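One structure below.
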Amino acid sequence: MQAKSVNILGIETSCDETAAAVVGDGKIIKSSVIASQAKLHEKYGGVVPEIASRAHVEKIYPVISEAIQQANTSEDDIDAIAVANQPGLTVALVIGVTAAKTLAFMWSKPLIAINHLHAHLQSAVLGEKDLQLPAAALIVSGGHTSLYDYRSPLEPELLGSTIDDAAGEAFDKVANILRLSYPGGPSIEKAAEKGDPKAIQFPRSMLGPDSLDFSFSGIKTAVLYYCRGQDMKGQDKVGSMSEQEIADIAASFQTAVVDVLIKKTERAVERIGAKTVLFGGGVAANNELRSRLQTMCETAVPPKKLLVAPKRYCTDNAVMVASLGYYKYKAKLFADLSLEPKATG
Ligand code: KG4
Ligand code: ZN
């Protein structure tokens, strides 16, 4: 008889997606349910924590029930409950953490605490049978931009991260400046398709020749100055710009951000002697970034294998949480019911 898979229920509420999933043995995706709040935050041009928190409260129970139903399973077949408890918006994380603790208590199942960023790394290695280590891992999302030395799912070592804005945040803010729709990443990408990436020379902040940290606030300000004048006293020119001018700004901005991300990843690959590059997070849905990273890996000496998260698992989801939960389950790394959400991590 075939051994029953270890089924982990994953729960994710770190930002503006309420998500639950059931994953077997870390790789068999039995269900994935995501309730996105993008529409609720659209008119504010960014995530409003109080609105996010309230929407999580409304959605958490239906989303978890649907994930269990879709997986054609019941609480008896769930071996543990994994929940993202850091980093993120505390008022959002607390909803998932409270739900997970309640279920763990009611069902007498182990509780597993998951770092949301480590979970994003997991979506890049999902289903990979021949993972060559060490890997340099780049996570680029709305809240974080981080590089890791990845030697095991349990302990990725942070090599560098942003000292100010995250890359996704810069996409969202620049889209706001250009009056493009929220979330900004996909709308900048779409506008950039018709633009000239060399039209405007925006700054590329490298923070010195050896740094693996990132800074994206300078480029965001450069776009703002470009649109409103250096002293910010000029008229906001965006309203009177042609579609082509907007496209040129979007393309020039996107290329500048991609240049920095590629260069830093290249440095990380050299620093740790990586054989593989892992790439995930919401911004990993960006096609220019995906293809430039592919070229970087193919032309490296020796070439590196690039593992990119499938697009549906780039943005926040609970499959990545449940998948990483499996490895923590096997290592018996359990949390207790005093688990708290944490903004940083
Ligand atoms: O990982 P994620 O869903 O949430 C966080 O953990 O932050 O990432 C959301 C971010 C947003 O900033 C969004 O604008 C960006 O990912 N994003 C993109 C694209 N799709 C989503 N950025 C650039 N290009 C895209 N195609
Ligand atoms: Zn995320």
Side-chain angles (χ1 to χ4, degrees), residues 10-19 21 32 34-38 41-42 44-49 52 56 83-90 92-93 96 114-124 137-146 161-162 165-178 180-193 195 197 214 216 219-220 250-251 253-258 260-262 279-293 308-321 323-324 343-345:
I11 299 175
E12 157 65 46
T13 62
S14 67
C15 189
D16 61 343
E17 262 100 24
T18 316
S32 174
I34 302 173
S36 170
Q37 305 171 3
H41 302 289
E42 194 171 14
Y44 304 101
V47 177
V48 182
H56 285 307
V83 62
N85 78 311
Q86 67 178 106
L89 298 169
T90 318
L93 287 164
I114 297 291
N115 179 301
H116 174 85
L117 296 175
H118 298 176
H120 270 301
L121 292 176
Q122 195 58 27
S123 40
L138 174 66
I139 293 302
V140 197
S141 74
H144 299 88
T145 306
S146 310
S161 59
T162 182
D165 290 353
E169 198 177 348
F171 269 93
D172 292 335
K173 287 178 178 164
V174 166
N176 206 356
I177 297 169
L178 298 179
L180 299 171
S181 64
Y182 175 84
S187 16
I188 296 262
E189 177 169 29
K190 187 151 190 303
E193 280 168 18
F214 300 89
F216 292 107
I219 185 165
K220 175 196 69 188
F253 161 79
Q254 178 173 270
T255 294
V257 171
V258 170
V260 172
L261 291 169
I262 300 285
F279 183 35
V283 184
N286 185 279
N287 288 319
E288 182 180 340
L289 190 47
R290 289 167 94 95
S291 73
R292 293 260 315 269
L293 211 47
V308 187
K311 280 197 183 179
R312 65 185 177 288
Y313 301 130
C314 281
T315 42
D316 290 346
N317 65 87
V319 166
M320 63 187 194
V321 173
S323 175
L324 182 53
T344 54

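Every number for a ligand or one of its atoms is a count from 1 in the order of the listing. Keep in mind that this is a model prediction, so the values were computed, not measured.
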Where's the contact between Pro186 and ligand 1, heavy-atom distance under 4.0 Å: side chain, backbone, both or neither?
both
List in chain and number order the residues that pass ring-ring contact (aromatic ring centres under 6.0 Å, His included) with Phe279, two or more places apart in sequence or in another chain; answer none if no residue qualifies.
none
Looking only at side chains, do His56 and Thr18 share a donor and an acceptor under 3.5 Å apart?
yes
Please identify which atoms of ligand 1 are closer than 4.0 Å to at least one heavy atom of Ser141.
1 (O), 5 (C), 6 (O), 7 (O), 8 (O)
Measuring from Cys314:SG to Ile139:CD1, what's the distance to the nearest 0.5 Å?
9.0 Å
Which distance, rounded to the nearest 0.5 Å, do you find between the CD of Glu193 and the CD1 of Ile188?
12.5 Å
Would you give the length of the straight line joining atom CG of Leu324 to atom CG of Leu121, rounded to the nearest 0.5 angstrom?
8.5 Å
Drop me the distance from Ser32's OG to Tyr313's OH, to the nearest 0.5 angstrom.
5.0 Å
In terms of atom number and element, which parts of ligand 1 are under 4.0 angstrom from non-hydrogen atoms of His116?
6 (O)
Under 4.0 Å from a heavy atom of Gly168: give me the atoms of ligand 1 that qualify, with their elements.
12 (O)
Using a heavy-atom cut-off of under 4.0 Å, does the side chain or the backbone of Val283 touch ligand 1, or both, or neither?
both
Decide if the gap between the ring center of Phe171 and the ring center of Phe253 is smaller than 6.0 angstrom.
yes
Using heavy atoms and a 4.0 Å limit, tell me yes or no: is Gly143 in contact with ligand 1?
yes
Which residues and atoms, counting only protein N, O or S, are under 2.8 Å from the Zn ion (ligand 2)?
His116 NE2, His120 NE2, Asp316 OD1
One finds that the ligand 1 atoms under 4.0 Å from a non-hydrogen atom of Thr315 are 3 (O)
Applying side-chain hydrogen bond (donor to acceptor under 3.5 Å, both in side chains), name anything that partners His116, two or more places apart in sequence or on another chain.
Glu12, Ser14, His120, Asp316
List in chain and number order the residues that pass side-chain hydrogen bond (donor to acceptor under 3.5 Å, both in side chains) with Gln86, two or more places apart in sequence or in another chain; answer none if no residue qualifies.
none
